[in-house]
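In what follows, a structure is listed as structure tokens, so that the remarks can point back to it.
Just follow the structure's listing: the first ligand is 1, and inside any ligand the first atom is 1. Note that these values count all heavy atoms, side chains included, but never hydrogens, waters or copies made by symmetry. Because the structure is a prediction, the values reported are computed rather than measured.
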Amino acid sequence: MRLIHNMSSIAECSGPEPSPSSRVIKITVVGAGGVGKTALIVRFLTRRFIGDYERNAGNLYSREVQVEGEQVAIQVQDTAGVQMTDNAVGLPDHVTCSVQWADAVVLVYSVTDRGSFDQIERLHRQVVHAGEPAAPPVILLANKADLLHLRAVDAQQGLLLAASLGCAFYEVSASEDYDQVHGAFHRLCCQLAKQPALPPGPGHAPPATEKRRSPLIPRPKSPNMQDLKRRFKQALSAKVRTATSV
Ligand code: GDP
Ligand code: MG
């Protein structure tokens with residue numbers, strides 16, 4: 001099934017420009033190929049899961065939603081799968097541009113693909129580097145949690161990695177659970193919406209530091225072992241955060 005042609009609600013997603021009065025929240029989704037980036041975006045914005053998606057990964061989706069009582073235009077940039085090989089010097093240019101454009105980045109791996117998990121740390125470093133001087137807030141999504149028999153990465157490993165990166169962590173299934181996916185994105189949108197709105201108008205391009213600095217979303221930071229242990233203990237006692245708590 002072809003994404004664009006068969007889904008009327010996708011047309012809605014990639015449709016009209018946000019009304020000038022709407023606050024715009026921009027999110028870029030990054031991860032290895034096949035981890036479910038497109039599936040997650042489509043699920044979040046349309047509630048639907050389609051088994052097969054177009055290879056074209058450059059789509060920008062947008063939709064107006066209510067976030068904490070405010071009308072907000074959410075724009076989500078899909079990106080091509082990134083493979084952080086040992087020889088890779090950085091992110092592909094189009095991903096760097098998408099990171100610099102975004103208010104926040106969603107890093108995705110699949111629990112069935114160990115390689116997609118193993119490259120997250122490097123990917124995160126590159127995202128932080130691309131976003132300098134003020135790195136965008138990042139959340140970590142582990143997708144395909146429904147594929148129990150194919151699982152190659154434990155939830156605890158994802159949780160520990162997220163703690164070391166200073167990110168929120170969600171384990172979700174784009175195919176099985178809309179609420180989880182919606183909750184992860186929605187929570188991020190709520191945090192971004194709490195940041196002071198920038199003045200509207202074309203060409204307004206605030207310095208990245210002004211745009212992204214917020215006390216509400218923890219900045220990524222270098223792991224410190226004691227802090228890491230404390231966070232891991234906290235995280236384990238709280239178990240994996242799921243969207244249903246939003
Ligand atoms: P992308 O390359 O990261 O954009 O990945 P896609 O969104 O194209 O998904 C790759 C494949 O994984 C497709 O066949 C999807 O149907 C499948 N897929 C995506 N999310 C899930 C999920 O949560 N569970 C299962 N079982 N399959 C999924
Ligand atoms: Mg895709």
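Heavy-atom contacts of G51 reach the following atoms of ligand 1: 13 (C), 14 (O), 15 (C), 16 (O) (cutoff under 4.0 Å). Listed by atom number, the atoms of ligand 1 under 4.0 Å from D146 heavy atoms are 22 (C), 23 (O), 24 (N), 25 (C), 26 (N). Atom numbering of ligand 1 starts at 1 in the shown order; those under 4.0 Å from a heavy atom of T38 are 4 (O), 7 (O). Those atoms of ligand 1 that come under 4.0 Å of a heavy atom in S173, given as number and element, are 23 (O). In summary, the atoms of ligand 1 found under 4.0 Å from a heavy atom of A39, numbered by their order in the structure, are 7 (O), 19 (C), 20 (N).
With a heavy-atom cut-off of 4.0 Å, V35 touches ligand 1 through backbone and side chain alike. Only the side chain of N143 comes within 4.0 Å of ligand 1, judged by heavy-atom distances.
When the heavy-atom distances from atom 6 (P) of ligand 1 to G81, S110, S175, G36 are ranked, the shortest goes to G36.
For a threshold of 3.5 Å applied to N or O pairs, the pair formed by G33 and ligand 1 contains no separation below that value. Here's the thing with A174: one of its N/O atoms is less than 3.5 angstrom from an N/O atom of ligand 1. Residue contacts with ligand 1: A145 is placed with no nitrogen or oxygen under 3.5 Å of a nitrogen or oxygen of the ligand (distance criterion only).
Under the 4.5 Å side-chain heavy-atom criterion for grouping Ile, Leu, Val, Met, Phe, Trp and Tyr, V67 is connected to V76 within one hydrophobic cluster.
Between E70 and K194 there is no salt bridge, since no side-chain N of the basic residue sits under 4.0 Å from a carboxylate O of the acidic one.
Contacts of D118 classified as salt bridge (Lys or Arg N to Asp or Glu O under 4.0 Å), with partners at least two apart in sequence or in another chain: R114.
The shell of residues lying under 4.0 angstrom from ligand 1, judged by heavy atoms, excludes G31. Residue A32 places a heavy atom under 4.0 Å from ligand 1.
Using a 4.5 Å heavy-atom threshold, the side chains of D78 and Y61 count as touching. Between K144 and S173, the closest side-chain pair of non-hydrogen atoms is not below 4.5 Å.
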### Task
With side chain to side chain donor-acceptor pair (under 3.5 Å) as the test, would you mind laying out the steps for S110 and N143 before giving the verdict?
CA-CA 5 Å; S110 165; N143 190 35; over 6 Å; no
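Residue pairs satisfying the ring-ring contact (aromatic ring centres under 6.0 Å, His included) criterion with at least one member in residues 25-51, sequence neighbours excluded, are listed as follows: F44-H182, F44-F185.
Side-chain contact annotation: Y170 with R187, donor-acceptor N/O pair under 3.5 Å present.
For NE2 of H94, the number of neighbouring non-hydrogen atoms (other residues, nucleotides, ligands) closer than 6.0 Å is greater than 12.
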